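Lettering follows sequence order; numbering is per chain, from 1. Bear in mind the structure is a predicted one, so any value in this text is a computation, not a measurement.
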There are 2 protein chains.
Amino acid sequence: MTRIDDVARLAGVSTATVSRALRGLPTVSPGTRRRVLAAAEQLDYAVSPSASRLAGGRTGTVAVVVPRITRWFFATVVEAVEDFLHQSGYDLLLHNLGGREQIRQRVLRTANLQKRVDAVILVATPLHAADLTALAALDLPGVTISSGTGVPGWPCVRIDDVAAARTATRHLLDLGHRRIAHISGDPDDELAYTTHVDRRRGYQAALRAAGIRPDPSLDVESQFTVDGGNRAATELLARGEPPTAIVAACDEMAMGAMTALRDAGLRVPQDVSVVGIDDHDLAGALGLSTVAQPAAEQGRLAARMLLDPLGARTLDSVAVRPRAPVAGPDTANPPVILPTRLVVRESTAPPRAH
Amino acid sequence: MTRIDDVARLAGVSTATVSRALRGLPTVSPGTRRRVLAAAEQLDYAVSPSASRLAGGRTGTVAVVVPRITRWFFATVVEAVEDFLHQSGYDLLLHNLGGREQIRQRVLRTANLQKRVDAVILVATPLHAADLTALAALDLPGVTISSGTGVPGWPCVRIDDVAAARTATRHLLDLGHRRIAHISGDPDDELAYTTHVDRRRGYQAALRAAGIRPDPSLDVESQFTVDGGNRAATELLARGEPPTAIVAACDEMAMGAMTALRDAGLRVPQDVSVVGIDDHDLAGALGLSTVAQPAAEQGRLAARMLLDPLGARTLDSVAVRPRAPVAGPDTANPPVILPTRLVVRESTAPPRAH
DNA sequence: CTGAAAGCGCTTACAG
DNA sequence: CTGAAAGCGCTTACAG
């Protein structure tokens, strides 16, 4: 393995100069820089990240924590974040909670982040008081995406979950539905997400605004998965007279519900309308009406808000940018809310005439 | 930040002993170990990975390279790999190619792996001769998953793609279909995958075994995505008399094809049967018949085969295991082939009587 | 079983 | 613009 002093020797300069030239620091003359780069290339030199990190005190790594990488929203966010991080010269350390509270604690409270990363991106990760204390003690910059509890001092990028569910529900009300069910997240879930709480609130608010009292028997809790949606809809049907429409808290649940309805001999949308939230890759294939949220854009924006103040390297030059305030007029804590929009497909229609 | 000498001072031992005790090396007396652990806990000490890596010469990190984290198969593999790696005390460095050849080269050929990881897991990543040279020069252990080209000296975990496609096609033949189309990957894709080549081979082999000559006009190339499947099926219909059945090279393509058929006024399976390969999360919701492949198991097995010889720490103890030969009777290059199995749902049926 | 000391390969004030 | 030297915080022979 070639080391920095091999390059220094070949280029006829000190290791300090090699270090500066390779990192694109401005205090190197063009001729020297050229010689150093040529020597490095000739020797096929790559800096040792461990040494560089130890000496420099920065890890060049960002931890990304997601509940389940296999779910559409999280995979899409991670893809966007990964792209931005690598373009900026950062490594991505992935933590997948897999729905397990034990893992959440391992990631958040122990030494898994300490001294290991320069910054943290938490995607829809439940945070208790003890976690906030631990994160504050870490004293790292970070961003949350789609998070219920914000972290003091960290920007937050998200959609308005209440509004998204309200839009979905209103769509059904506008079509003439009155008997509208809701399927959403599980309070018994190991991880205490807030997303489904907000979405339930939006569902209920829309009903009330239309003069309808929410009926608890039309509100079923399950998991945020295809299977969860299937089970929730099955349970709903087992409770008696079916609703004429269902608001699912996410597209995956909506898809599961559509299967359950079909299996029960009900047609979508003729017998029951179904609307989701997300605009999953497959929503089009299934003809699912939904409230679209910009997943990749949330990831991209969060990465940018995180890295801008860290002075990220750009792709082609390694010039260090001056520390700039976070993009946008307001650098403080109020979350950046990205817009959602109703996408009407074939899974929703007016209820049949009584 | 507390350092190792803070712990050493409090425990009344040398830093060498702290280092040994914390890593669970056997050469520490129980009493000493206890005092060190207590001191470390009291000071909330976490080792500095940078320093540890520089001094120890190991990074404790594994790079995982996937073509697209947003695709079902890759997300599922990554989830399984992540779990195994973290349980073994390794960090996961994620590289998502995003379908771009430029990124593939950046990841494989430059210094992105050099000195940065202890091992590499390549998932369905195309490898050219120059890449193999670069990987050999890296001199790192690794595993490939679902890979066309193997890396000399690296184990490979995969399914038999030819057999999977043959099974899918034979299922349609058994139902009585003769006019069977195939939609698969794009040779103009930036990344030159071999998966679709193998699957096409299986499709053609099954046809030939049934005495049918493959008809090029029934074989459409597109991308391994929902959209790609949609476009491929649309193209297929534009070419004239529709087939009575379609073999899609992956479930996502099959799902896109089902949409296109429906949009064209054709019913699945009454007018056209569709079978995929994968057993995607949503295959059940869509009633898609498919040839299931064990995605998570491929990830888990690959991670195990990689880490076993590295002497991974176990979850609860940090004891270093002795270096053991790779699990299984054969430690050499022949790929480990995991079984696939036909799952019949509602998207396939006998062709209508002529 | 334990410790003193060297060394891992860089970056960063500091001085010029 | 450049270099000599200290130091980042560990681990690892080596010696005992």
task: Take atom CZ of A:Arg58 and atom P of C:dC10, then tell me their distance rounded to the nearest Å.
output: 16 Å

- request: Compare side-chain N and O positions of A:Tyr45 against OP1 and OP2 of C:dC10 and report whether any pair is under 4.0 Å apart.
  value: yes

query: Between atom CG in B:Leu25 and atom C1' in D:dT11, what is the gap in whole Å?
result: 10 Å

message: Can you tell whether the side chains of B:Arg100 and A:Asp83 come within less than 4.0 Å, N to carboxylate O?
response: yes

field: Counterpart residues, side chain to side chain contact (heavy atoms under 4.5 Å, CB included), relative to A:Ala51 (two or more places apart)
entry: A:Ser48, B:Leu54

statement: Atom CG of B:Leu43 and atom C1' of D:dG9 are separated, to the nearest Å, by 15 Å

- request: With a 4.0 Å heavy-atom cut-off, tell me which residues in residues 2-10 of chain A come close to DNA chain C, sorted by residue number.
  value: A:Arg3, A:Ile4

field: Non-neighbouring partners of B:Thr133 that pass side chain to side chain contact (heavy atoms under 4.5 Å, CB included), sequence neighbours left out
entry: none

- request: Not counting sequence neighbours, which residues clear side-chain hydrogen bond (donor to acceptor under 3.5 Å, both in side chains) with B:Thr17? List them please.
  value: B:Ser14

message: Students often get this wrong, so: under 4.0 angstrom with heavy atoms, is A:Gly56 touching a base, only sugar-phosphate, or nothing?
response: sugar-phosphate

- request: Pull out every stem in DNA chain D, meaning runs of 3 or more consecutive Watson-Crick or G-U wobble pairs with both distances under 3.5 Å.
  value: C:1-3 with D:14-16, C:5-12 with D:5-12, C:14-16 with D:1-3

query: Just wondering, do A:Arg3 and A:Thr15 contact through their side chains at under 4.5 Å, heavy atoms?
result: no

- prompt: Hey, does the side chain of B:Ser48 come within less than 4.0 Å of D:dC10's phosphate (OP1/OP2), counting only N and O?
  reply: no

- prompt: Taking atom P of D:dC10 as reference, at what distance in whole Å does atom CZ of B:Arg53 sit?
  reply: 13 Å

- request: Identify, with sequence neighbours excluded, every residue that meets side-chain hydrogen bond (donor to acceptor under 3.5 Å, both in side chains) alongside A:Asp44.
  value: none

- line: Sequence neighbours excluded, the answer for salt bridge (Lys or Arg N to Asp or Glu O under 4.0 Å) partners of B:Arg300 is none

message: OP1 or OP2 of D:dT11 versus the side-chain N and O atoms of B:Ser52: is any pair under 4.0 Å?
response: yes

task: Could you pull out all residues at least two apart from B:Leu140 that satisfy side chain to side chain contact (heavy atoms under 4.5 Å, CB included)?
output: B:Val117, B:Val120, B:Leu138

query: In whole angstrom, what separates A:Leu22's CG from C:dT11's C1'?
result: 13 Å

Show me the donor-acceptor pairs within less than 3.5 Å that the side chains of residues 24-31 of chain B make with the rest of the protein, sequence neighbours left out.
from	atom 1	to	atom 2	distance (Å)
B:Ser29	OG	B:Thr32	N	3.3
B:Ser29	OG	B:Thr32	OG1	2.8

task: Provide, to the nearest angstrom, the distance between the CZ atom belonging to B:Arg23 and the C1' atom belonging to D:dC10.
output: 9 Å

message: With a 4.0 Å limit, can you tell me whether B:Lys115 has a side-chain N or O closer than that to the phosphate oxygens OP1/OP2 of C:dC10?
response: yes

Between protein and nucleic acid, restricted to nucleotides 1-5 of chain C and to nitrogen or oxygen atoms under 3.5 Å apart, what atom pairs and distances do you find?
from	atom 1	to	atom 2	distance (Å)
C:dT2	OP1	B:Ser29	OG	3.1
C:dT2	OP1	B:Thr32	OG1	2.3
C:dT2	OP2	B:Ser29	N	3.0
C:dT2	OP2	B:Thr32	OG1	3.3
C:dG3	OP2	B:Ser14	N	2.9
C:dG3	OP2	B:Ser14	OG	3.1
C:dG3	OP2	B:Thr17	OG1	2.6
C:dG3	N7	B:Arg20	NH1	3.3
C:dG3	O6	B:Arg20	NH2	2.5

- request: With sequence neighbours left out, write down each residue that passes salt bridge (Lys or Arg N to Asp or Glu O under 4.0 Å) with B:Arg34, or none if nothing qualifies.
  value: none

- prompt: By side chain to side chain contact (heavy atoms under 4.5 Å, CB included), which residues pair with A:Leu37, not counting sequence neighbours?
  reply: A:Leu22, A:Arg33

